[in-house]
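Written out below as structure tokens is the structure these notes cover.
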Amino acid sequence: MNWQKCREFQKKIRDNLVLKGGDFDYRNLLAVDISFKNNKAFVAAVIYNIKSNCVEKKYTLIKKNKIKYVPTFLAFREVPYILRIVNKIQRNYDIILCDGHGIMHPYRAGLATHLGYLLNMPSVGVAKSYLCGNFDKPGSDYFSHENVYDDTGNLLGYALTNRKNTKPVFVSPGYKISFEKSLKLIKLVSGKYKVPEPIHVADKITKKLRDNND
DNA sequence: GCGACAG
DNA sequence: ATCTTGTCGC
């Protein structure tokens with residue numbers, strides 16, 4: 001991997017961000033996640049109905065993996081597999097939900113943003129842990145949240161308590177959606193675990209795939 | 001030089 | 001992410 005070139009691409013994404021849109025008549029969402037083991041990538045995509053909070057369809061894919069994880073370059077490891085599985089799926093969804101940051105990234109080019117940019121469609125990122133930004137610790141109540149800012153005071157997203165007595169998750173717009181709509185959407189598909197229901201489902205699928213493979 | 005660093 | 005036991009809170 002040429003990380004210099006990758007960084008340049010992230011800067012290109014940053015300079016072409018679209019943080020507007022996200023009309024709220026969404027019907028379906030696509031959640032994607034990947035597990036890794038023995039140089040293999042176990043990929044899952046879930047079509048989730050936002051209105052009824054139901055999983056409509058599940059897709060899986062297993063591919064060889066040679067790409068290593070390097071901090072701030074997660075998208076370059078995961079996007080190739082996500083694109084492969086996305087190309088197998090009928091485009092009957094309005095937005096993509098990723099297990100990773102959106103613009104809450106040193107170059108505003110986290111996984112969700114990177115993917116939304118390439119597919120030219122709305123996306124939102126939800127990460128389980130911190131990457132960058134300044135914020136006050138949110139309260140322990142369900143849906144309690146605090147803004148996350150960069151060093152110059154620009155809003156990056158939110159630290160959201162999505163489950164009581166648990167570390168917050170980090171919500172940020174990916175592409176073609178506003179901050180407010182991003183947060184609203186995540187609350188809508190919150191579910192009962194730390195990560196939003198669609199991601200939780202996708203994660204379980206990838207781990208089952210992984211464990212049934214060896 | 002030092003520390004931080006999604007999955 | 002993966003590896004892995006006990007343990008705390010609802």
Side-chain angles (χ1 to χ4, degrees), chain A residues 1 3 6-7 9-10 13-14 31-45 61-85 96-118 123-135 139-144 148-151 156-175 182 186 190-196 198-214:
Chain A
M1 278 281 149
W3 301 117
C6 290
R7 189 64 91 207
F9 189 67
Q10 289 181 331
I13 292 174
R14 177 193 62 192
V32 291
D33 193 33
I34 307 178
S35 284
F36 295 92
K37 190 177 188 184
N38 298 332
N39 296 316
K40 282 182 184 173
F42 302 88
V43 193
L61 174 73
I62 302 179
K63 299 292 285 183
K64 283 185 187 171
N65 170 58
K66 301 214 65 174
I67 310 169
K68 302 230 169 191
Y69 166 73
V70 175
T72 74
F73 291 111
L74 173 68
F76 293 90
R77 173 167 157 95
E78 302 208 340
V79 158
Y81 305 111
I82 296 174
L83 291 179
R84 291 295 291 267
I85 200 168
I96 298 184
L97 179 54
C98 292
D99 182 13
H101 292 287
I103 67 165
M104 200 181 288
H105 174 280
Y107 292 85
R108 310 292 183 274
L111 174 60
T113 304
H114 192 126
L115 191 61
Y117 176 81
L118 290 180
S123 62
V124 176
V126 176
K128 296 180 292 298
S129 55
Y130 175 85
L131 176 59
C132 67
N134 313 305
F135 66 100
S140 57
D141 293 338
Y142 191 47
F143 283 168
S144 175
V148 180
Y149 301 98
D150 69 10
D151 289 335
L156 292 176
Y158 312 94
L160 170 72
T161 300
N162 202 35
R163 192 175 184 194
K164 289 181 180 177
N165 298 307
T166 302
K167 291 282 189 184
V169 293
F170 298 87
V171 179
S172 61
Y175 191 68
S182 299
I186 296 311
S190 170
K192 48 191 289 200
Y193 305 104
K194 171 171 176 173
V195 297
I199 290 182
H200 185 262
V201 171
D203 181 65
K204 298 291 268 190
I205 295 172
T206 65
K207 286 183 165 61
K208 187 182 293 183
L209 261 188
R210 177 196 64 188
D211 296 337
N212 289 337
N213 194 260
D214 52 24

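Here is how names work: the chains are called A, B, and so on, in the same order as the sequence lines, proteins then strands, and each is numbered from 1.
Residue A:Asp151 places its CG atom among 12 or fewer non-hydrogen atoms of other residues, nucleotides or ligands, all under 6.0 Å distant.
With sequence neighbours excluded, the residues that form a salt bridge (charged side-chain N to carboxylate O under 4.0 Å, His left out) with A:Arg108 are A:Asp150. For A:Leu209, the side chain to side chain contact (heavy atoms under 4.5 Å, CB included) test picks out A:Phe42, A:Thr60, A:Ile62, with sequence neighbours left out. With sequence neighbours excluded, the residues forming a salt bridge (charged side-chain N to carboxylate O under 4.0 Å, His left out) with A:Lys207 are A:Asp203, listed by chain and number. A search for side-chain hydrogen bond (donor to acceptor under 3.5 Å, both in side chains) contacts involving A:Asp99 returns A:Lys128, not counting sequence neighbours. In this structure A:Lys194 satisfies the salt bridge (charged side-chain N to carboxylate O under 4.0 Å, His left out) test with no other residue, sequence neighbours excluded. Considering only residues two or more places apart in sequence or on other chains, A:Lys40 meets the side-chain hydrogen bond (donor to acceptor under 3.5 Å, both in side chains) condition with A:Asn213. Partners of A:Ser129 by side chain to side chain contact (heavy atoms under 4.5 Å, CB included), not counting sequence neighbours: none found.
The backbone N or O of A:Ile103 lies less than 3.5 Å from a partner atom in the side chain of A:Thr113, making a donor-acceptor pair.
Contact annotation for A:Arg163: no contact, since no heavy-atom pair falls under 4.0 Å across all strands. Within 4.0 Å of A:Lys164, counting heavy atoms only, lies no atom of the nucleic acid at all. Nucleic acid contact class of A:Lys192 (heavy atoms, under 4.0 Å, all strands): none.
Under the 3.5 Å distance criterion, with hydrogens and angles disregarded, a donor-acceptor pair is assigned to the side chains of A:Thr206 and A:Ser35.
Within the 4.5 Å cutoff, no side-chain heavy atoms of A:Thr161 are placed close to those of A:Phe143.
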Quiz prompt | Letter per nucleotide, 5' to 3', of nucleotides 1-7 of chain B [B base touched, S only sugar-phosphate touched, - untouched; heavy atoms, 4.0 Å] | solution = ----BBB

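Boundaries of the chain A contact region on DNA chain C are C:dA1 to C:dC10, first to last in 5' to 3' order (nucleotide atom under 4.0 Å from a heavy atom).
Between A:Phe135 and A:Tyr130, the ring planes lie tilted relative to each other; the angle falls in the 30° to 60° range.
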For a quick test of your reading: what N or O donor-acceptor pairs under 3.5 Å do the side chains of residues 65-77 of chain A make, sequence neighbours left out?
residue: A:Asn65; atom: OD1; partner: A:Ile67; partner atom: N; Å: 3.1
residue: A:Asn65; atom: OD1; partner: A:Tyr81; partner atom: OH; Å: 2.7
residue: A:Asn65; atom: ND2; partner: A:Ile67; partner atom: O; Å: 3.3
residue: A:Thr72; atom: OG1; partner: A:Arg7; partner atom: NH1; Å: 3.2
residue: A:Thr72; atom: OG1; partner: A:Arg7; partner atom: NH2; Å: 3.1
residue: A:Arg77; atom: NH1; partner: A:Ile67; partner atom: O; Å: 2.5

Self-check item: Intra- and inter-strand pairs of DNA chain C in dot-bracket (Watson-Crick or G-U wobble, both distances under 3.5 Å; | for another strand)
Solution: ..........

Quiz item: Once Watson-Crick and G-U wobble pairs under 3.5 Å are found, how is DNA chain B written in dot-bracket notation, 5' to 3', with | for any base paired to another strand?
Solution: .......

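Where A:Asn165 and A:Asp211 meet DNA chain C, the nucleotide closest to each residue was compared, and A:Asp211 sits on the side nearer the 5' end.
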